[in-house]
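These notes concern the structure reproduced below.
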Amino acid sequence: MSVAAFPPPRLVDPFGRPITYLRVSVTDRCDFRCVYCMSEDMHFLPKKDLLSLEELDRVCSAFVARGTRKIRITGGEPLVRRDIMKLFRSLSRHLASGALNELTLTTNGSQLALRAGAADCGVRRVNVSLDTLDPAKFRQVTRWGDLSKVLAGVDAAQAAGLKIKINAVALAGFNDDEFERLVEWAHGRAADITFIEVMPLGEIDGQRVDQYLPLSAVKTQLARRFTLEDVDETTGGPARYMRVAQSGGRVGFITPLTHNFCESCNRVRLTCTGTLFMCLGREDAADLRAPLRATCDDTALHAAIEAAVARKPKGHDFVIDRSTSLPAVARHMSVTGG
Ligand code: SAM
Ligand code: SF4
């Protein structure tokens with residue numbers, strides 16, 4: 001597990017973008033089947049293919065040694081992975097040492113009431129995905145999710161001191177009558193909310209084009225009810241934020257289709273099998289599991305990470321229209337980690 005004694009160089013991609021953010025999908029499994037994310041009948045990876053929690057820690061730590069300042073644990077549904085709190089606990093040593101700025105989590109919230117203890121492992125902020133506040137529609141979009149459990153999870157997380165941000169995918173004909181209500185609800189509980197355009201990732205049972213709604217439509221709708229003010233601050237992520245004058249809360253817009261955010265991309269994504277994707281919207285990937293398992297020395301792992309980052313593409317080119325029926329990439333968001 002040794003790294004050479006000198007500080008290893010920071011990771012910078014061929015376009016001069018420092019790679020400081022690692023997203024880790026710790027499982028491809030999920031207790032929901034959101035209609036824009038998965039098909040109903042999913043085939044998940046055999047458990048033996050997954051990196052162990054110790055191996056995930058080792059890869060994350062190699063990235064931290066190379067300048068990663070933020071790690072987001074995601075999935076699939078990260079909180080359904082057994083013993084996942086162990087990974088939070090072990091990674092929190094990098095927060096304590098100051099090497100890592102932030103350890104965060106994206107979750108569907110279904111298990112959050114049981115896992116609000118993440119706050120004791122250095123997690124400060126959690127993104128909870130919630131596309132509707134109507135229990136029947138929630139069941140429909142997740143195929144069998146229970147809204148009351150998610151709301152209880154949000155309550156428990158906030159009571160434990162976690163800062164919550166809500167993520168909502170804008171879906172044509174589904175939640176386009178609820179955007180104002182979602183903003184009011186989130187801001188009423190001191191949570192920011194970010195809307196996301198649906199992206200063409202993986203085969204689903206329906207047609208993406210029927211789900212797709214440009215966020216310009218969301219903004220127009222919100223502007224009828226609220227005063228939206230530009231905010232200068234950026235979080236370094238893909239969301240562009242506006243402030244709602246009436247509530248003081250923020251609304252983010254993630255628009256990979258209508259405005260791509262690749263020029264400032266600082267992230268790479270690790271799957272639960274140790275495959276590193278340099279871009280959410282491209283097929284190119286690097287296998288980190290083989291060098292990880294070949295030896296307990298990290299030299300080969302570091303070499304594989306460097307070679308991968310040297311191939312990071314400039315950006316993606318997602319398209320959703322009637323002439324493009326295939327997804328931009330075959331894998332689901334739950335594999336690469338949203
Ligand atoms: N299960 C967790 C959750 O739902 O928050 C974490 C993983 S999920 C893949 C992460 C985020 O990706 C969620 O906010 C989800 O709504 C979003 N997502 C999934 N598939 C998407 C797609 N095709 N286009 C846009 N967002 C998507
Ligand atoms: Fe599961 Fe998250 Fe995908 Fe929904 S969006 S199916 S909760 S991984």
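Atoms within a ligand are numbered from 1 in the order they appear, just like the ligands themselves.
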Atoms in ligand 2 flagged as close to G76, the criterion being non-hydrogen separation under 4.0 Å: 8 (S)
Identity of the nearest option to atom 2 (C) of ligand 1, non-hydrogen atoms only, from E77, R23, M38: E77
Looking at R225 and E180, is there a salt bridge between them, counting it only when a charged N and a carboxylate O are closer than 4.0 Å? yes
Of G145, P78, C30, S129, the residue with the heavy atom nearest atom 4 (O) of ligand 1 is S129
Any idea which part of C37 is under 4.0 Å from ligand 2, heavy-atom wise: side chain, backbone, both or neither? side chain
With respect to atom 7 (C) of ligand 1, which of G76, S110, C37 exhibits the smallest heavy-atom separation? G76
Is any side-chain heavy atom of T142 closer than 4.5 Å to a side-chain heavy atom of N108? no
Non-hydrogen atom of G75 closer than 4.0 Å to ligand 2: no
Could you list the atoms of ligand 1 found under 4.0 angstrom from a heavy atom of M199? 22 (C), 23 (N), 24 (N), 25 (C)
Looking at K314 and E263, is there a salt bridge between them, counting it only when a charged N and a carboxylate O are closer than 4.0 Å? no
Let me check your reading of the structure: within less than 2.8 Å of atom 1 (Fe) of ligand 2, is there an N/O/S atom from C34? no
Start with the C-alpha distance between E102 and K70, add both sets of side-chain angles, then the distance that settles salt bridge (Lys or Arg N to Asp or Glu O under 4.0 Å), and finish with yes or no. CA-CA 5 Å; E102 200 174 18; K70 177 170 171 179; 3.8 Å; yes
Distance filter under 4.0 Å to F32 heavy atoms, resulting ligand 2 atoms: 6 (S), 7 (S)
Any N or O of T74 closer than 3.5 Å to N or O of ligand 1: no
Electrostatic pair R139:D134 at N-O distance under 4.0 angstrom: no
